[in-house]
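Whatever order the structure lists them in is the order used to number ligands and atoms, beginning at 1. Keep in mind that the numbers below use all heavy atoms, side chains included, and drop hydrogens, waters and symmetry copies. Predicted model only: the values in this text are computed from it and were never measured.
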Amino acid sequence: MNIKKLVPKGIRVALRPLRVAADLLPSYYYDFVRYLRFSSTGTEYRSKENLRSRITERFHNVEKGLSLPSPRPGFGKDKLPDLLTYIEYYLQNFGADDFIKVPVTVLARYADFNKRVDLVDYPHRDRIERLIQVVGAHEASGEYGTRPVVASDVRSVTENVSLDFFLSRHTVRQFAGQDVDISDVEWATRAAIKSPTVCNRQNTRVYFTLEREKIHSLLEIQGGAKGFADQVRGLAVITTRLSNFWGAGERHQAWVDGGLFSMSFLLALHARGLGAVSLNWSKGAAKDIELRRALPMRDDEAVIMLVGFGHLREQFSVASSWRPPVDDLLVHLR
Ligand SMILES: Cc1cc2nc3c(=O)[nH]c(=O)nc-3n(C[C@H](O)[C@H](O)[C@H](O)COP(=O)(O)O)c2cc1C
């Protein structure tokens, strides 16, 4: 039956928004249910991961406070009780593992700071000292809390990075046949881990393969590498956990944090002399479920995107991918 013949064009056009809505609604519903089930919205005690996210967000505020130009003695009085309760609950239920040492060490730094500014009786001292005792946080490494940075050290690394570094990155869809070394993937991941995340809630994962068959089957599911799938020598699937986030305001945060991680990963591959192609995960529910089944992924992980990569050929071509002039997008607020 040809619907075009049966329904006049005017009605078809008028009904178009309904058709679009009918298409969109199941995907929104899928995302909504996943966020409701797997984010930490009102469920911080449901799982270890949910609790870790809460603790991370809270202790990062303490770290942040300590890194301000002049922290206020005894800052965070009202926010600390929640953090302390979360940590106490964590210790009771999951024990003093490596994770919990980090927030408690930050609390030890907070205690040191207050003592240094002669606030001996700082807020929640008894609870904080008990936790430091239980976890043995005094001996923990000095890398938590704050660290000094010397501007000339930063400059010595950045002064050789030119605009050309960024301008010479292209999406590459033709690769050399040579295999990618696993150390390149690790290098790129180490660089990408340094990407900022909201309140330092670090929960990105990179599933990667250098095996042709696996690459091929994952690209089949992804569907956006038609015509060059056989070229790709390495493939990464980047995910972020929904359990990292909570509340309506953070419903898109997984994609922001995961997107930043992905960009760093791409630039790191570029810095390593490899070519890479971003591969979208702009999919509906059915595809998302299919990819989840193909990977050892936890339920709370959201797929951000895929990245195909490989060595550069000595000569190759890329899509020009026009960019607007800088003035079109740069708005100087005066
Ligand atoms: C999230 C994302 C998804 C993408 N998905 C695909 C894809 O599925 N297939 C593809 O060939 N290119 C894909 N691209 C690459 C873009 O087409 C490319 O980045 C854009 O044209 C700009 O070109 P450039 O990266 O060379 O500057 C994707 C890019 C991004 C950022």
Side-chain angles (χ1 to χ4, degrees), residues 24 27 31 161-176 180 184-185 188-189 191-192 195-197 204-209 212 214-242 251-292 294-295 297 301-330:
L24 278 176
S27 292
D31 291 345
V161 182
S162 70
L163 184 58
D164 285 341
F165 170 74
F166 299 93
L167 300 186
S168 59
R169 184 209 58 81
H170 308 282
T171 289
V172 179
R173 299 180 180 91
Q174 312 169 8
F175 298 100
V180 173
D184 286 326
V185 185
T189 307
S195 309
T197 59
T204 305
R205 278 219 177 145
V206 181
Y207 298 90
F208 80 98
T209 177
R212 308 248 169 119
K214 190 81 189 154
I215 292 172
H216 182 76
S217 68
L218 290 172
L219 289 180
E220 277 284 298
I221 300 175
Q222 191 268 340
K226 298 232 157 54
F228 64 90
D230 63 321
Q231 297 277 308
V232 177
R233 289 293 172 264
L235 186 69
V237 180
I238 295 171
T239 74
T240 304
R241 286 186 190 163
L242 294 178
R251 70 198 183 282
H252 299 309
Q253 199 61 45
W255 288 271
V256 177
D257 285 6
L260 286 168
F261 183 99
S262 305
M263 189 66 238
S264 300
F265 188 72
L266 289 167
L267 285 175
L269 289 170
H270 177 52
R272 204 71 179 159
L274 271 75
V277 52
S278 314
L279 295 161
N280 77 81
W281 196 244
S282 317
K283 310 291 180 198
K287 275 281 166 193
D288 199 56
I289 291 165
E290 193 181 345
L291 185 64
R292 296 181 164 283
L295 292 171
M297 213 184 278
E301 287 176 70
V303 179
I304 308 302
M305 61 187 270
L306 283 68
V307 177
F309 47 89
H311 282 279
L312 299 178
R313 293 185 187 183
E314 284 314 309
Q315 289 208 336
F316 60 101
S317 62
V318 296
S320 302
S321 295
W322 172 87
R323 297 298 202 269
V326 171
D327 285 349
D328 279 11
L329 52 110
L330 199 58

TODO: For the pair R292 (side chain) and E301 (backbone), establish whether a donor and an acceptor sit closer than 3.5 Å, ignoring hydrogens and angles.
DONE: yes
Task: Atom indices of ligand 1 within 4.0 angstrom of Q222 heavy atoms, with elements - done: 8 (O)
- [ ] Measure centre to centre between the rings of F166 and H270, then say whether the value is under 6.0 Å.
- [x] no
Open item on the list: Heavy-atom distances under 4.0 Å decide this one: backbone, side chain, both or neither, for S278 against ligand 1?
Closed with: both
- [ ] Write down the atom of L242, the atom of W255, and the distance for their closest heavy-atom approach.
- [x] CD2-CH2, 4.1 Å
Open item on the list: Quick check for you: to the nearest 0.5 Å, what is the distance between K287 atom NZ and W281 atom CH2?
Closed with: 6.5 Å
Task: Flag, side chain of Q174 to backbone of Q231, donor-acceptor distance under 3.5 Å - done: no
TODO: Flag V277 as yes when one of its N or O atoms lies below 3.5 Å from any N or O atom of ligand 1, and as no otherwise.
DONE: no
- [ ] Considering the heavy atoms of R169, write down every atom of ligand 1 situated less than 4.0 Å from one of them.
- [x] 24 (P), 25 (O), 27 (O)
- [ ] For atom 19 (O) of ligand 1, find the nearest protein heavy atom and state the residue, atom name and distance (0.1 Å precision).
- [x] T171 OG1, 3.2 Å
TODO: Tell me, please: is L279 in heavy-atom contact with ligand 1, that is, under 4.0 Å?
DONE: yes
Task: Under 4.0 Å to a heavy atom of S321 - the qualifying atoms of ligand 1, by number - done: 21 (O), 22 (C), 23 (O), 26 (O)
- [ ] Considering only non-hydrogen protein atoms, determine which one is nearest to atom 16 (C) of ligand 1 and report residue, atom name and distance to 0.1 Å.
- [x] R173 NH2, 3.9 Å
TODO: Do me a favour and list the nearest non-hydrogen protein atom to atom 9 (N) of ligand 1 with residue, atom name and distance?
DONE: G224 O, 2.9 Å
Open item on the list: Quick check for you: to the nearest 0.5 Å, what is the distance between K283 atom NZ and I289 atom CD1?
Closed with: 14.5 Å
- [ ] Rounded to the nearest 0.5 Å, what's the gap from CD1 on I304 to CG on D257? Could you check?
- [x] 8.5 Å
Open item on the list: Would F228 count as a contact residue for ligand 1, given that I'm defining contact as a non-hydrogen atom of the residue lying under 4.0 Å from a ligand atom?
Closed with: yes
Task: Gap separating the CZ atom of F309 from the CG atom of D184, nearest 0.5 angstrom - done: 8.5 Å
TODO: Would you check the N or O atoms of H170, main chain and side chain alike, for any that come under 3.5 Å of an N or O of ligand 1?
DONE: no
Task: Protein contact to atom 1 (C) of ligand 1 [nearest heavy atom, distance to 0.1 Å] - done: M305 SD, 4.1 Å
Open item on the list: Measuring from atom CD1 of I215 to atom CG of D230, what distance do you get when rounded to the nearest 0.5 angstrom?
Closed with: 11.0 Å
TODO: With heavy atoms only and a cut-off of under 4.0 Å, state how R323 meets ligand 1: side chain, backbone, both or neither.
DONE: side chain
Task: Options L266, I304, N280, ranked by nearest heavy atom to atom 8 (O) of ligand 1, top entry - done: N280
